[in-house]
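All remarks here apply to the structure that follows.
Predicted model, so just to flag it, every value in this text is computed and none were measured. Throughout, a chain's letter reflects where its sequence line sits, starting with A, and its residues are numbered from 1.
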Amino acid sequence: MLNKMMQIVMVGLLMVGLSACKSTTVSRVDTDTVQDLSGNWNDTDSRLVSSRMVADLMTQSWLGKYQVANGKNPVVIVGEVRNLSHEHINTRTFISDLEMALINSGEVEFVASSQERQDIRDERADQMDNATLATQNLAGKELGADYMLKGQINSIFDAAKDTQVKYYQVDLTLISLADNRKVWIGQKKIKKVLESGMFR
Amino acid sequence: MQNFPMKNICLCLLLVGFSGCASYSNSFQRVEFLLSQQQPEEALVEVEKRANSSSDKLLYLMDKAMLQRMSGQYEASNTTFEAAKKLGDKLTATSILEQAGAITLNDSIMSYEGEDFERVAVHMYSALNYIALNQWDEARVEALQADFLLQKLREDADKDTVFAEDAFARYLMGMIYEHGQEWSDAMISYRKALLSYQTRNKSEVPTFLKYDVLRMATRLGLIDEVSRYKQEFGISPSTSDLSMRDKGEVIVLLHHSLSPIKRDENVFVLGDDGIEHRIAFPVFESRSSPMAYAQLVIGDERINLDKVNDFDVAARESLETHKPAMMARLLARAIVKHNMAEAMRKESGELAGFMMNMAAMATETADTRSWLTLPKDIYLARVALPEGKYPASLQLFGANEMPLAILPLPEVEVVRGGKYVFEKIWVKSPLPAVVTKPQ
């Protein structure tokens with residue numbers, strides 16, 4: 001009987017060994033050419049999507065038209081990017097990725113967001129009281145934006161048994177502040193397939 | 001006796017050591033007391049002492065998140081809920097090691113995976129946290145996740161699960177979509193909520209839901225549906241009544257009492273081997289509460305709160321679905337333990353067999369774990385009001401209209417299109433009421 005119990009112990013040990021093969025593997029399905037990413041929306045997605053979309057934005061006709069008509073670069077502001085997806089996505093990092101990609105392109109001027117502007121105005125008001133006359137920055141010299149970039153992140157999730165498909169779609173729209181015209185619409189899709197293990 | 005091997009004693013001691021001490025539900029008393037004294041912060045401290053238990057980790061996270069939200073720490077609560085969700089997903093995979101433990105020791109050795117209704121409740125309460133923080137888009141994320149989870153549960157529901165729809169979760173989703181002006185999504189969610197309430201019990205359809213589906217159907221121009229609902233509910237509100245154009249909404253939720261608690265019950269079952277085996281089976285014990293109904297008093301209006309969710313029933317139904325599988329597992333374990341004791345008795349004498357039996361008895365405890373900081377049920381009132389300032393309170397009544405408690409609400413300043421969500425928690429003291437002797 002004790003021998004039998006030794007066998008049980010052996011089986012138990014084998015099970016411990018087996019239980020080590022818990023894993024979630026991620027393979028990706030292609031909609032365009034997208035690099036490999038992990039399961040959830042992450043910083044890589046954020047960077048990837050923002051840089052690709054800005055690259056597309058910069059090659060479209062609205063930019064050339066504006067530069068020819070006005071003889072200067074357009075001034076752009078990034079508005080709200082709504083998260084309408086299945087995951088809690090920090091849209092602020094996405095927005096800052098967008099801003100970075102836009103500024104680094106060198107083709108557009110960029111103005112601060114409304115929150116940031118308020119901070120700057122407070123600081124300017126403070127300068128009026130405290131800074132020397134020569135170093136004061138006066139109010140009323142702000143640069144108005146020509147276009148606002150707005151957008152949203154949507155998702156469709158599907159699952160059966162241990163397989164899960166995650167599909168994200170990011171839509172961005174560039175709207176002219178002068179006449180509400182939409183001058184550019186960009187879209188980026190990401191599709192991922194997740195396989196989760198049966199055992200842990 | 002003289003050849004009583006040392007390793008047998010070790011084995012017995014090991015078994016006893018594994019079984020732990022008090023069952024999960026017994027250690028909850030202090031938390032319950034603190035909650036009834038309206039001291040969720042203290043209860044949180046109490047629960048945080050259990051942070052190290054690995055198999056109860058999910059329960060710990062859910063309890064912690066719940067107490068954090070009761071203490072008004074909504075952001076921290078959401079962080080904890082996120083951790084709970086992540087762990088819950090991981091635990092859906094089967095652990096062979098734990099299964100083996102459950103067969104030889106007791107069910108408590110398995111990681112608590114959470115019942116289906118509890119997993120949905122995580123999303124609901126997380127959504128309510130985001131609403132409290134006025135982050136409706138984030139609440140919408142929770143709504144989508146809850147929808148996704150319900151969809152998955154329904155797909156897996158081929159076997160014995162009854163839980164495939166959650167009326168209140170659907171209602172909350174509808175409310176969130178409506179706030180985001182996603183009318184058709186809101187309509188679909190309200191419709192599902194309505195259907196789910198109706199399949200349970202026709203009289204259980206909350207009054208406000210009737211008006212909500214009518215309002216949404218009217219807005220979407222679903223004329224047939226509008227007339228059908230009017231006839232079905234026997235109400236015919238005017239279009240201006242349904243219009244929210246010049247109004248704001250006040251929504252009050254009451255999380256009443258606490259969810260039922262599992263107790264150990266010994267049952268004797270006849271096994272295939274012809275021997276009666278003692279098995280420890282969990283049974284639910286409801287919390288008694290003197291509250292019969294609650295009213296929202298706002299301005300000059302008195303509105304009855306409707307019961308929108310019943311965790312007491314959900315918990316019982318959930319246990320019921322596990323019963324056959326659990327019974328089989330418990331019986332198999334009893335037989336294994338019995339055989340081990342028999343073998344030991346034959347091999348090493350009566351004492352060894354006796355000790356093994358004692359060890360088997362000591363380790364045989366029911367799995368009494370469940371999410372205990374959930375309320376017994378949730379009551380809700382939803383009212384549309386013209387712009388203005390309204391003093392508000394929540395009044396609780398016992399049997400025979402006896403006033404039980406008045407829970408103050410902040411004065412509401414209703415603005416057009418505004419949504420004001422308030423939550424209150426009420427737990428009756430588990431201590432017997434002090435009776436003053438007549439002089």
Quick one: pull up [atom1] in [X] and [atom2] in [Y] and give me the separation to the nearest 0.5 Å.
X	Y	atom1	atom2	answer
A:His88	B:Glu82	NE2	CD	4.5 Å
A:Asn83	B:Gln135	CG	CD	11.0 Å
B:Gln151	A:Phe157	CD	CZ	11.5 Å
A:Asn40	B:Lys86	CG	NZ	7.5 Å

Minimum heavy-atom distance between B:Arg140 and A:Ser85, given as atom pair plus value |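 Nearest pair, atom of B:Arg140 first, then A:Ser85: NH1-N, 4.4 Å.
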
Determine the minimum heavy-atom distance between B:Val141 and A:Glu87, stating which atoms define it.
->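 Reported closest heavy-atom pair: CG1-C, 3.4 Å.
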
A:Gln60 atom CD, over 12 foreign heavy atoms within 6.0 Å |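 Check passes, neighbour count above 12.
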
So with a 6.0 Å cut-off around NZ of A:Lys141, is the heavy-atom count from everything else above 12?
->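 At most 12 heavy atoms, drawn from other residues, nucleotides or ligands, come within 6.0 Å of this atom.
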
A:Arg82 side chain to B:Asp137 main-chain N or O, any donor-acceptor pair under 3.5 Å?
->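 Absent.
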
For A:Gln164, is it the side chain, the backbone, both, or neither that has a heavy atom closer than 4.5 Å to a heavy atom of chain B?
->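 Only the side chain of A:Gln164 comes within 4.5 Å of chain B.
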
